K.L.:
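Handing you this structure, nothing more for now.
Everything quoted here is computed from the prediction, not taken from an experiment. Start at 1 and go down the list; that is how both ligands and their atoms are numbered. For this chain, numbers begin at 1 and follow the sequence in order.
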Amino acid sequence: MAKVILDVDTGVDDAVAIILALNSPELEVMGITTVAGNVNVERATENTLKIVEFMGRNTPVFPGMGRPLWGELREDRESHGESGLGDAILPSPKLKPEACHAMDFVLQSIDVWGKELTIVATGPLTNLAMTILKEPQVALKVGRIISMGGYFGLTPYGRGNVLPFSEFNVFTDPLAADIVYHSGIEVIATGLDVTMNPRAQVDGQTYEEIGKMKTRNALLFTSLLGRLLVKEGAISLHDPLALSYAISSSILKTKRCTVEVELQGELTRGQTVVLEEDTERGINVAFDVDGEQFLSLIHERVLWR
Ligand code: RIB
Ligand code: CA
């Protein structure tokens with residue numbers, strides 16, 4: 001089993017990623033850290049507790065950073081709704097967040113599990129950047145970071161979903177992404193290049209079929225993601241796709257690239273610029289996806305429960 005920490009800004013697709021992780025025997029979820037992104041960190045924490053409780057688990061949840069290192073937080077109510085869970089109505093959680101800050105939990109976990117530990121980050125990278133700034137040597141100790149974020153221009157799919165070339169998580173905290181990408185940690189960056197590949201998306205017809213399944217999780221799935229279908233015409237499961245790489249690395253093909261992040265351009269904040277492809281340096285950037293393998297994982301591990 002791979003030991004993982006999920007770092008989330010629970011929103012609708014983070015919620016599906018959490019369900020997928022908790023239903024995957026290949027993963028041991030050691031804890032979940034929350035960060036401001038789709039919604040503020042308090043809401044992200046409450047939403048995460050709601051999903052953990054919905055799953056009948058008691059995975060510890062550690063609140064993290066409440067604002068980006070650089071710039072203001074711009075929540076995405078259009079995609080995620082006022083609550084951050086779309087149109088899903090879940091009871092207020094009985095579970096309580098941990099008193100330990102996300103950063104301290106990550107540092108303690110790296111000390112204990114070191115290279116065994118994978119961190120799957122599906123929100124802005126603020127918590128992980130702060131962890132690296134606090135103790136830079138963690139970069140030599142932790143296993144890897146699988147990040148949902150960026151738009152790298154490596155495929156005909158995808159485009160910026162905030163600015164023409166900027167993806168939301170990196171747009172929200174570009175400096176954090178820059179720190180993580182240049183930390184020396186093994187990073188697998190799963191960007192819009194693959195999450196918006198039609199082979200990995202849920203289209204309207206599939207969404208209707210899921211709506212007829214009537215399983216507990218299928219009902220939650222459709223209430224979480226219906227807005228995204230209306231907004232974008234198909235559902236990109238950004239965060240679950242990033243997470244799926246921790247379950248089976250054959251789902252994504254990656255190539256090493258040197259990447260720079262635009263920190264403050266009026267129209268280019270958060271743009272992830274690939275300087276060199278197929279290099280020995282840099283980070284691993286996803287450029288292809290086995291959509292069939294990914295979607296069958298969603299059906300098997302999320303919907304049919
Ligand atoms: O751009 C998509 C990413 O931004 C996803 O992680 C989504 O949850 C939002 O955080
Ligand atoms: Ca997210």
K.L.:
Between the side chains of Asp288 and Lys255, is the shortest nitrogen-to-carboxylate-oxygen separation below 4.0 Å, so that they form an ion pair?
P.N.:
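A salt bridge is absent here (no side-chain N lies under 4.0 Å from a carboxylate O).
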K.L.:
For ligand 1, would you mind listing the residues that have at least one heavy atom less than 4.0 Å away, ordered by chain and number?
P.N.:
Asp9, Asp13, Asp14, Asn38, His80, Thr122, Met148, Asn161, Glu167, Phe168, Asn169, His238, Asp239
K.L.:
Give the table of side-chain donor-acceptor pairs shorter than 3.5 Å for residues 147-159, with sequence neighbours excluded, one pair per line with atom names and distance.
P.N.:
{"residue": "Thr155", "atom": "OG1", "partner": "Tyr157", "partner atom": "N", "Å": "3.0"}
{"residue": "Thr155", "atom": "OG1", "partner": "Tyr157", "partner atom": "O", "Å": "3.3"}
{"residue": "Thr155", "atom": "OG1", "partner": "Asp193", "partner atom": "O", "Å": "2.8"}

K.L.:
Do any side-chain atoms of residues 82-89 form donor-acceptor pairs under 3.5 angstrom with protein atoms, and if so which ones, sequence neighbours left out?
P.N.:
{"residue": "Glu82", "atom": "OE1", "partner": "Arg77", "partner atom": "NH1", "Å": "3.2"}
{"residue": "Ser83", "atom": "OG", "partner": "Leu85", "partner atom": "N", "Å": "2.9"}
{"residue": "Asp87", "atom": "OD1", "partner": "Arg227", "partner atom": "NE", "Å": "3.2"}
{"residue": "Asp87", "atom": "OD1", "partner": "Arg227", "partner atom": "NH2", "Å": "3.2"}

K.L.:
Would a single hydrophobic cluster contain both Leu263 and Phe168, if residues Ile, Leu, Val, Met, Phe, Trp and Tyr are joined by side-chain heavy-atom contacts under 4.5 Å?
P.N.:
no
K.L.:
Flag the pair Asp111 and Lys141 as a salt bridge only when some basic side-chain nitrogen lies within less than 4.0 angstrom of an acidic carboxylate oxygen.
P.N.:
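Salt bridge present between Asp111 and Lys141.
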K.L.:
Examine the side chains of Ser236 and Gln201 and answer whether a donor and an acceptor come within less than 3.5 Å of each other.
P.N.:
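Yes, Gln201 and Ser236 have a side-chain donor paired with an acceptor closer than 3.5 Å.
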K.L.:
For the Ca ion (ligand 2), which protein N/O/S atoms fall under 3.0 Å? Skip waters.
P.N.:
Asp9 OD1, Asp14 OD1, Asp14 OD2, Thr122 O, Asp239 OD2
K.L.:
Got a salt bridge between Lys134 and Asp104, using NZ or NE/NH1/NH2 to carboxylate O under 4.0 Å?
P.N.:
yes
K.L.:
Start with the C-alpha gap between Lys3 and Thr118, add the side-chain angles, then the distance that decides, and say whether side chain to side chain donor-acceptor pair (under 3.5 Å) holds.
P.N.:
CA-CA 6 Å; Lys3 295 185 187 309; Thr118 292; over 6 Å; no
K.L.:
State whether Glu186 and Lys115 are salt-bridged, where the test is any N-O pair (Lys NZ or Arg NE/NH1/NH2 against Asp/Glu carboxylate O) under 4.0 Å.
P.N.:
no
